[in-house]
Asks: 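The following block contains the structure, expressed as structure tokens.
Below, each value reflects all heavy atoms present in this structure, side chains not excepted, and no hydrogens, waters or symmetry copies.
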Amino acid sequence: MTTTVLITLIAIVFLALAFDFINGFHDTANAVATSISTRAMSPKVAIISAACLNFVGALYSSEVAKTIGSGIADPSKINHGEFIVIAALLSAIIWNLATWYYAIPSSSSHTLIGSIVGAVLAGAGADYVKWGGLGKIVLILVLSPIVAFIAGYIIMTIIKYLVILTGNKSRSKLNRVFKFFQILSAWLLSFSHGGNDAQKAMGIIVFGLVAAGAQTTMDVPLWVKIAAATAMGLGTSIGGWKIIKTISKNLIKIEPINGFASDLTSSIVIQTSTHMGMPLSTTHVISSAIIGSGSVLRFHEVKWGTVTRMIVTWIITIPISIILSYVLYTVLFKFFV
């Protein structure tokens, strides 16, 4: 391994872990916003528990990592693939930081996938993009928030009727009961979040390792798993307070009962996708689940202005990321590799 290759791989690992760290505090809101909003957990306890469970979840499997690493393009068939990875990671980090600064719950998954596509287009050409694999990933990204909204609505409706059947009309008693369940569902969601999101950094590191000839398979080394899990856990421990505020206060009023329903819904959707080896946006899923479950109780109180702003951001993230990474690769590497 030459010195140039070694330096390039160090840069890839550093940027991938930086992306994972940013993903941690950017997406912390996904797992803790509802429990903080209802005071089921204090902010400090919620974030620390989320960080720990993100770490554990990140070590759970590696199927999503393999999809990110080889489902969009084959790193073994691309010349200078390591530079493509660097451009993609720089693009994803820039977009994540921009949306975090403006408190917009955008998708780290969308920006990473769009950035990989743009960098491959710039560095290798359209023939090297696996359009079929990309189509499957995009389909999951589009369908998952819709499924989360519908499932959240159904689960909350079932809970509502079960409460009516038991004859328990005491709001304070219901809140106490569901605060306990909400803590459990928030922990499950944190575990699920780590299991899907941290694998994206693992996948892009493996993409770089294969492209540079450092390994020949898409298997994720143990050191990559531990490094990515640690980066996400540390990022989560900082907390994305701006986005937490957007999700917990600017979508719809969250009570323990619909907070539990939305967290449970999100966990089911994310775990299902992870077992399928498909990346999705935890931001999209939890936001949609909150809206779906919350609308059962107070549809007229959904803040559709915030929802519209979020949807617009979701739609534009992939195209902007494609363009940004294409430009970055062209400016940084096109004339030097």
Asks: Parallel, tilted or perpendicular for Phe333 and Phe83, by the 30°/60° rule?
Replies: tilted

Asks: If we ignore hydrogens and angles and just use 3.5 Å, is the side chain of Ser262 paired with the main-chain N or O of Gly259 as donor and acceptor?
Replies: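 Side chain of Ser262 to backbone of Gly259, a donor-acceptor pair under 3.5 Å: yes, one is there.
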
Asks: Nearest 0.5 Å, what's the CD-CD1 distance between Gln215 and Ile205?
Replies: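 Between atom CD of Gln215 and atom CD1 of Ile205 there are 10.5 Å.
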
Asks: How long is the gap from CG on Leu189 to CD1 on Ile286, to the nearest 0.5 Å?
Replies: 5.0 Å

Asks: To the nearest 0.5 angstrom, please state how far the CG atom of Asp197 sits from the OG atom of Ser281.
Replies: 7.5 Å

Asks: How far apart are the closest heavy atoms of Leu209 and Pro221, and which atoms are they?
Replies: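 Between these two residues, the closest heavy atoms are CD1-CG, 4.5 Å.
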
Asks: Between Ile183 and Trp187, does the side-chain contact (heavy atoms from CB on, under 4.5 Å) criterion hold? Intermediate values first, please.
Replies: CA-CA 6 Å; Ile183 292 172; Trp187 287 347; 3.5 Å; yes

Asks: Are Ile311 and Ile291 linked, directly or through intermediate hydrophobic residues, by side-chain heavy-atom contacts shorter than 4.5 Å (ILVMFWY only)?
Replies: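 In one cluster: yes.
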
Asks: Kindly determine whether Ile159 and Met156 satisfy side-chain contact (heavy atoms from CB on, under 4.5 Å), including the steps that lead there.
Replies: CA-CA 5 Å; Ile159 293 173; Met156 186 63 245; 4.1 Å; yes

Asks: Who pairs with Tyr128 by ring pair (Phe, Tyr, Trp, His ring centres under 6.0 Å), at least two apart in sequence or on another chain?
Replies: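 Here no residue qualifies.
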
Asks: Does Ser62 use its side chain to pair, donor to acceptor, with the backbone of Ala65 at less than 3.5 Å?
Replies: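 Between the backbone of Ala65 and the side chain of Ser62 there is no qualifying donor-acceptor contact (under 3.5 Å).
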
Asks: Any side-chain to backbone donor/acceptor pair from Gln199 onto Glu63? Under 3.5 Å, distance only.
Replies: yes

Asks: Minimum heavy-atom separation for Ala73 to Val120, with atom names?
Replies: CB-CG2, 4.0 Å

Asks: Taking the side chain as every heavy atom from C-beta outward, state whether Asn258 and Val296 have any pair of such atoms under 4.5 Å apart.
Replies: no

Asks: Between the main-chain N or O of Met278 and the side-chain N or O of Asn196, is there a donor-acceptor pair closer than 3.5 Å?
Replies: yes

Asks: Mind checking whether Ile94 and Leu328 have side chains closer than 4.5 Å, heavy atoms only?
Replies: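 Ile94 vs Leu328: side chains touch.
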
Asks: Nearest 0.5 Å, what's the CG-NE2 distance between Asn23 and His193?
Replies: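 Separation between the atoms: 5.5 Å.
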
Asks: To the closest 0.5 Å, what do you measure between OG (Ser266) and CD1 (Ile290)?
Replies: 7.0 Å

Asks: Establish whether Leu324 and Val331 are linked, either directly or via other cluster members, by ILVMFWY side-chain heavy-atom contacts under 4.5 Å.
Replies: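 Leu324 does not cluster with Val331.
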
Asks: Minimum heavy-atom separation for Ile226 and Phe55, please, with both atom names.
Replies: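 Shortest heavy-atom contact: O-CE1, 4.2 Å.
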
Asks: Mind checking the CD1-CD1 spacing from Ile116 to Ile137? Nearest 0.5 Å is all I need.
Replies: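 With rounding to 0.5 Å, CD1 (Ile116) is 8.0 Å from CD1 (Ile137).
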
Asks: Can Lys200 and Asp20 be counted as an ion pair, charged N to O under 4.0 angstrom?
Replies: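 Not counted as a salt bridge, because no side-chain N and carboxylate O are separated by less than 4.0 Å.
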
Asks: For Ser267 and Asp263, indicate whether the former's side chain and the latter's backbone hold a donor-acceptor pair under 3.5 Å.
Replies: yes

Asks: Considering all heavy atoms of both residues, which atom of Ser288 and which atom of Trp314 are nearest to each other, and what is their separation?
Replies: OG-CH2, 4.0 Å

Asks: Less than 4.5 Å apart, any side-chain heavy atom of Ile78 and any of Phe207?
Replies: yes

Asks: Using the rule given for side-chain contact (heavy atoms from CB on, under 4.5 Å), can you reason through His284 versus Leu141, listing the C-alpha separation, both sets of side-chain angles and the distance that settles it, and then say yes or no?
Replies: CA-CA 9 Å; His284 294 193; Leu141 292 175; over 6 Å; no

Asks: Treat each ILVMFWY residue as a node, draw an edge where side-chain heavy atoms are under 4.5 Å apart, and state whether Ile204 and Leu17 are in one component.
Replies: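 In one cluster: yes.
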
Asks: Test your reading of the model: is there a side-chain donor-acceptor pair from Thr111 to the backbone of Ser321, 3.5 Å cut-off?
Replies: no

Asks: Just wondering, do Leu332 and Ile86 contact through their side chains at under 4.5 Å, heavy atoms?
Replies: no

Asks: Any side-chain heavy atom of Ile84 within less than 4.5 Å of one from Tyr329?
Replies: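 A side-chain contact under 4.5 Å exists here.
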
Asks: Between Thr67 and Pro279, is there a side-chain heavy-atom distance shorter than 4.5 Å?
Replies: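 The answer is yes, as the side chains (C-beta and beyond) meet within the 4.5 Å cut-off.
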
Asks: Judged by atom type as modelled, is there a donor-acceptor pair below 3.5 Å linking the side chain of Ser325 to the main-chain atoms of Ser115?
Replies: yes

Asks: Kindly indicate whether the side chain of Thr282, heavy atoms from C-beta on, has any atom under 4.5 Å from the side chain of Ser109.
Replies: no

Asks: Taking atom types as modelled, is there a side-chain donor on Ser192 or Gln271 under 3.5 Å from an acceptor on the other?
Replies: yes

Asks: Between the side chain of Trp131 and the main-chain N/O of Ala126, is any donor-acceptor distance below 3.5 Å?
Replies: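 Judged by distance alone, yes, a pair lies under 3.5 Å.
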
Asks: Is it true that Ile146 and Ile315 fall in one hydrophobic cluster, defined by side-chain heavy atoms closer than 4.5 Å?
Replies: yes

Asks: Hey, is the main chain of Ser70 close enough, under 3.5 Å, to the side chain of Lys130 for a donor-acceptor pair?
Replies: yes

Asks: Following the transitive rule for hydrophobic clusters with a side-chain heavy-atom cut-off under 4.5 Å over Ile, Leu, Val, Met, Phe, Trp and Tyr, establish whether Ile150 and Leu139 coincide in one cluster.
Replies: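 No, Ile150 does not connect to Leu139 through the hydrophobic network.
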
Asks: Does the Asn54 side chain pair with the main chain of Ser190, one donor and one acceptor, at a distance under 3.5 Å?
Replies: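 Present.
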
Asks: What's the shortest heavy-atom distance between Met232 and Gly194, and which atoms?
Replies: SD-CA, 4.1 Å

Asks: With side-chain contact (heavy atoms from CB on, under 4.5 Å) as the criterion, how do Tyr153 and Thr157 come out once you've worked through the C-alpha distance, each side chain's angles and the decisive distance to 0.1 Å?
Replies: CA-CA 6 Å; Tyr153 189 94; Thr157 301; 3.6 Å; yes

Asks: What are the two closest non-hydrogen atoms of Thr265 and Ala148, and how far apart are they?
Replies: CG2-O, 3.5 Å

